[in-house]
Amino acid sequence: MNFLRALFFMLVLLIITPPFAILVLLAAPVPRIPRYRFITLWTRVVMWLVRHVLGIRHVVKGAENLPKTPSVILAKHQSAWETLAFQLIFPPQSWVLKRELLWIPFLGWGLAMFSPIAINRASRSEAFKRLVEQGQERLDQGFWITIFPEGTRTS
């Protein structure tokens with residue numbers, strides 16, 4: 001039964017993602033916040049599928065302790081799940097990511113639409129400077145800044 005649910009989930013993703021990706025690319029001229037809200041429609045659909053098709057549920061404990069204004073989020077990158085869930089918990093947000101991810105066809109183009117802070121991890125001082133400058137800019141624009149300090153997913 002789990003196999004069938006996972007198969008159905010993947011088939012739905014394969015059907016809805018390509019046309020939505022085209023719409024996202026067409027949304028490039030739209031200002032950052034409205035574009036973010038449009039892009040996360042896909043995330044809302046996926047998280048609905050995760051809950052109702054895969055049966056994966058989550059609970060946010062301590063939400064009342066979150067700041068009312070955008071802030072910096074430091075999180076352990078354990079899976080792709082948190083990159084989706086955080087979009088709904090901390091909207092809108094801008095991820096700090098390695099710039100090489102933006103070079104991946106389709107995936108990178110989609111990531112670029114999220115207004116990330118792309119850094120060159122090979123040059124730490126330059127990366128830090130870029131993070132501070134663009135991080136302040138994104139906070140001023142109303143974005144939460146999401147940083148995975150470990151730099152990649154870990155077990």
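The figures here come from the full heavy-atom set of this structure, side chains too, leaving out hydrogens, waters and symmetry mates. The structure presented is a predicted model; accordingly, all values stated were derived computationally and were not measured.
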Taking transitive links into account, so neighbours of neighbours count too, which hydrophobic residues share a cluster with Phe128 at under 4.5 Å side-chain distance?
Val132

Would you name the heavy atoms of Phe20 and Ile39 that are closest together and state the gap between them?
CE2-O, 3.6 Å

Qualifying salt bridge (charged side-chain N to carboxylate O under 4.0 Å, His left out) pairs, either residue in residues 7-16, two or more places apart:
none

Which residue pairs satisfy the side chain to side chain donor-acceptor pair (under 3.5 Å) criterion with at least one member in residues 123-136, sequence neighbours excluded?
Gln136-Asp140

Under the rule for side chain to side chain donor-acceptor pair (under 3.5 Å), what residues qualify as partners of Trp144, not counting sequence neighbours?
none

Give, for atom CD of Gln93 and atom OG1 of Thr40, the distance between the pair rounded to the nearest 0.5 Å.
9.5 Å

Give, for atom CG of Leu84 and atom NE2 of His58, the distance between the pair rounded to the nearest 0.5 Å.
10.5 Å

Trp109: ring-ring contact (aromatic ring centres under 6.0 Å, His included) partners, not counting sequence neighbours
Phe106

Selection residues 54-73 - residue pairs positive for salt bridge (charged side-chain N to carboxylate O under 4.0 Å, His left out), sequence neighbours left out
none

Shortest non-hydrogen contact from Phe148 toward Ala75:
CD2-O, 3.2 Å

Whether Arg35 side chain and Val30 backbone form a donor-acceptor pair below 3.5 Å:
yes

Ring-plane angle category for Phe143 and Tyr36, please: parallel below 30°, perpendicular beyond 60°, tilted otherwise.
perpendicular

For the CZ atom of Phe9 and the CD1 atom of Ile56, what is their distance to the nearest 0.5 Å?
7.5 Å

Does Phe8 have any ring-ring contact (aromatic ring centres under 6.0 Å, His included) partners at least two apart in sequence or in another chain, and if so, which?
none

Can you tell me how far the CZ atom of Arg5 sits from the CG atom of Leu49, to the nearest 0.5 Å?
12.0 Å

Linked hydrophobic residues, Leu7 as query - side chain contacts closer than 4.5 Å:
Phe3, Leu4, Leu11

Hey, could you give me the CG/CD distance between Asn120 and Glu100, rounded to the nearest 0.5 Å?
6.0 Å

Which residues share a salt bridge (charged side-chain N to carboxylate O under 4.0 Å, His left out) with Glu137, sequence neighbours left out
Arg32

Cluster companions of Val96 among Ile, Leu, Val, Met, Phe, Trp, Tyr (side-chain spacing under 4.5 Å)
Val72, Leu74, Ile117, Ile119, Leu131, Leu139, Ile145, Ile147

Once side chain to side chain donor-acceptor pair (under 3.5 Å) is applied, what residue pairs with a partner in residues 41-50 remain, sequence neighbours excluded?
Thr17-Trp42, Thr43-Gln87, Trp48-His52

Can you name the nearest heavy-atom pair linking Leu102 to Ala112, along with the distance?
CD2-N, 3.8 Å

State which residues pass ring-ring contact (aromatic ring centres under 6.0 Å, His included) with Phe86; sequence neighbours excluded, sorted by chain then number.
Phe90

